[in-house]
Amino acid sequence: MTIHPDDLQAAEARLRRLHQRIGGTAYGGDYNPEQWPREVWHEDAKLMQQAGVNLVTLAVFSWSRLETSDGVFDFGWLDEVMDLMHGHGIGVDLATPDAVPPAWLVEQHPDIMPERADGSIFGFGSRQHFDVSHPVYRAKSLALAEMMGERYSSHPALRMWHIGNEYGPASYGPWAEKAFRAWLQRKYASLEELNEAWSTAVWGQLYSDWTQVRVPAQPRTWSNPSRRLDFHRFTSDSMLEHFKAERDVIRRHSPDLPILTNFMRFYKTNDYWAWAAEEDAAALDIYPDPREEDAHIAAALNFDLMRSLRHGQPWMVMEQATGAVSQWSVNVSKLPGKMRLGSYQAIAQGADSILFFQWRQAKGGTERYHSAMVNHAGPNTRIFREVCGLGQELKAIGDLTGTRSTAKVAIVFDWDCWWALELGNSPRSDLNYAQEVLRFYRPLFDANITVDFVNANSDLSGYTLVIMPASYLLTDAAASRFENYVAGGGRLVVSYLSGIVDQDNTIRLGGYPGALRNVLGAWSEEMHPLAGDGEQVKLSMPDGGTSSASYWTEHLHAETAEVLASYSSGRLAGSPAVTRNSFGRGTALYLSARVDDGLLNQFLDDELLAAGVEPELKAPTGVQVRRRTGANADGIAKSFLMVLNHNDAPSSVDVLDGGTDRISGRAVKGSVELPANGVLILDETAE
Ligand code: GAL
């Protein structure tokens, strides 16, 4: 996905202005004053000042408080809160509350409620309860956005806009069906074309009139994969269309303020490449589970994805928890120091905003156990002290905002691949696309190699190494883009289940991986997933080394490619498993099997070496190192080396060139010991 340079520049100017006005890194969170009496608002404003808060998100779930019945509005309380925030020097990120159509609206139009694939209808009482294609829902949410834009765009507290909340889920209801059909009529020139693209000759599914084309509701057994892929695309597009409509309403009132919505971790429903291109910044809600030892690595992947969605532009942590969440069966709190560490991790990976859900912990409602900046016990708590501590520290690194990271390695992450790969009825229906990507991301994270994510439309010219984990769906154009990248001198690493289908989710014939056969110089005649969790086959290397593979194997033939590993046991004994092909000025490595971690690391190390990629700094396991450089929000050239100790014990690194530690203010050079959860922000440009 490429974003027009003018759009990037305009967004950058809006973000620069935001950070200048709030004085550096954004710090704060969702604030829901409508849940509290007025006295508490005043206490909140004072505590926010104490915590160093400079930005709060208002009105995300306030539709029923702003439009109390059809056409009856009450903005008085919001005016008062906006004024109060302004009086205390706190900026406002104002949300349009389209995630929560009020009970009166749903009573008037029950078909606003989204429908599941099995035809059952969601009940009222939660949120995100709308079919985005419903004309009244759309008209009413746009009308409210218009009123809010008009009323607040010149309010002195207003700093940015937040449209909706975590758009989703899909609806299979009558309005979605109508919109889906219209979407298909725009996409396919004729019904014949649709029949062809969806392979409706299979199982006699031929359509003879557009009225027969329906949403892929719960079928008798398995249903058409091309139709379901188009429905995924439609769902993302239809929600994006509504986001854009609201954004355009707001933009007319606030041309200079950032406008965005919030994304989620590993969220499959919406194609975030397409979404991010329509926003001023990517913004992520991130809730790593403290019970998972490596939660920071999956978080890191999502952070790098956010950084990549808008070509390296600073992004925002829109929501995170100070302690426990409330959506799992056991909600463990973050240990002391982990909230601070996670916040700096996001900053090290390009975020310029650290925001929480939420400011004050609710005493009622669904999320009353979800931690907040001010918990049930009040401000005299460990959590509030940590919140204040971080708020104070962030003030000292405001000059970091606007700087960026650069990467020579890219990993392909593509929603079309994700959707198509996980539709079932494949040789392995348990394959998890995000986990496949994580398998390749993890060793690079451990080695402190900065990684960008790209999709099939990205410009690859800045990368010396591109990795394609299970890039299942490739259009002809994408396949030739990757081929040209290699021909021009790039190094490509491809894993199994790449290039198998075309844009219609139909198989490319003539040997797998059809779309990449040429560049890989190898082809598979049959897929052989390994049965059972523990099944393994042995591999041998030309130098006599041995290893193993599990989960996935293929009957591969090397044409022009060199064989780097072959099977030495099992039904494929003697056949190649891993190959490398010289193609033009570059090379393409094919991992047709899930080789064990040791061998994967070895291949990746060789590729990194050959591609001239160096770690930011050599550091012990569990110590993450990133660098942010370039012009900051004030246009001053800076370079910051950030070192984060994710270990629960002290760890040391060698910072040979040294600099000033911006947290302690001390000059640092040579060996530095970081305590458990410790952070070093080395200003390499300090005088
Ligand atoms: C997010 C959501 C917030 C809050 C938070 C904590 O997904 O946007 O409103 O619910 O999770 O669970």
Side-chain angles (χ1 to χ4, degrees), residues 26 28-36 55-66 92-102 122 125-130 132 141 160-169 239 243 246 260-270 272 275 279 281-292 295 298-299 302-303 305-306 315-334 338-339 342-343 346 351 353-376 383 387:
D30 278 37
Y31 180 37
N32 296 299
E34 66 270 42
Q35 298 172 10
W36 300 96
L55 191 71
V56 291
T57 303
L58 284 174
V60 187
F61 302 117
S62 306
W63 192 339
S64 63
R65 279 299 184 98
L66 293 172
V92 171
D93 163 34
L94 191 57
T96 61
D98 76 11
V100 281
F122 287 95
S126 181
R127 55 183 179 173
Q128 262 84 24
H129 50 274
F130 55 82
V132 81
S141 46
M160 63 181 253
W161 287 93
H162 184 299
I163 307 291
N165 188 67
E166 297 183 337
Y167 279 92
M239 284 189 278
F243 165 83
E246 276 194 45
L260 48 77
T261 188
N262 45 349
F263 291 166
M264 285 177 270
R265 168 188 182 274
F266 289 131
Y267 189 59
K268 188 173 152 186
T269 304
N270 293 329
Y272 283 160
W275 280 71
E279 305 184 84
L284 180 70
D285 300 346
I286 183 81
Y287 295 104
D289 187 342
R291 290 175 298 178
E292 285 169 21
N302 282 273
F303 294 169
L305 181 60
M306 291 300 124
W315 57 279
M316 298 186 164
V317 172
M318 201 68 224
E319 294 180 18
Q320 62 168 341
T322 56
V325 299
S326 68
Q327 69 249 38
W328 298 314
S329 56
V330 181
N331 295 294
V332 172
S333 181
K334 287 180 181 169
K338 289 288 184 198
M339 176 278 282
S343 302
S353 307
I354 297 298
L355 305 166
F356 295 86
F357 181 85
Q358 61 179 328
W359 164 253
R360 187 180 278 278
Q361 189 170 21
K363 71 184 165 83
T366 314
E367 295 198 304
R368 62 203 191 287
Y369 289 111
H370 182 102
S371 60
M373 298 170 87
V374 180
N375 277 346
H376 290 149
I383 282 191
V387 163

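Every number for a ligand or one of its atoms is a count from 1 in the order of the listing. Note that the coordinates shown come from a computational prediction; the quantities given were computed from them, not determined experimentally.
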(message) I'd like to check which ligand 1 atoms, numbered from 1 as shown, lie under 4.0 Å from a non-hydrogen atom of Glu166.
(response) 1 (C), 2 (C), 7 (O), 8 (O)

(request) Could you find the nearest protein heavy atom to atom 2 (C) of ligand 1 and give me its residue, atom name and distance? (result) Glu319 OE1, 3.2 Å

(message) For Tyr287 and His370, take the angle between the two ring planes, folded into 0 to 90°, and tell me which bin it lands in: parallel under 30, tilted 30 to 60, perpendicular over 60.
(response) perpendicular

(request) Look at the side chain of Thr261 and the backbone N and O of Ile163, then say whether any donor-acceptor pair between them is shorter than 3.5 Å. (result) yes

(message) With a cutoff of 4.0 Å, is Asp285 in contact with ligand 1, counting heavy atoms of the residue only?
(response) yes

(message) So Tyr369 and Asn331, do their side chains get closer than 4.5 Å, heavy atoms only?
(response) no

(request) For the residue pair Phe266 and Leu305, establish whether any side-chain heavy-atom pair is separated by less than 4.5 Å. (result) no

(message) Contact between Gln320 and Lys334 at the side-chain level, heavy atoms closer than 4.5 Å - yes or no?
(response) yes

(message) Looking at ligand 1, is there an atom of it that comes within less than 4.0 Å of some heavy atom belonging to Met264?
(response) no

(request) Using a 4.0 Å heavy-atom threshold (strictly under), name the region of Asp30 that reaches ligand 1: side chain, backbone, both or neither. (result) neither

(request) Look at the rings of Trp275 and Tyr167 and say which category their plane angle falls in: under 30° parallel, 30 to 60° tilted, over 60° perpendicular. (result) tilted

(message) At less than 4.0 angstrom from any non-hydrogen atom of Phe61, what atoms of ligand 1 do you find?
(response) 9 (O)

(request) Considering the heavy atoms of Gln327, write down every atom of ligand 1 situated less than 4.0 Å from one of them. (result) 12 (O)

(request) Check Arg127 against ligand 1 and report side chain, backbone, both or neither, counting heavy atoms closer than 4.0 Å. (result) side chain

(message) Between Met339 and Val387, is there a side-chain heavy-atom distance shorter than 4.5 Å?
(response) yes

(message) Residue-level breakdown please: for Gln358 versus ligand 1, do any non-hydrogen atoms fall below 4.0 Å on the side chain, on the backbone, on both, or on neither?
(response) neither

(request) Starting from atom 10 (O) of ligand 1, find the nearest protein heavy-atom neighbour and note its residue, name and distance. (result) Glu367 OE1, 2.5 Å

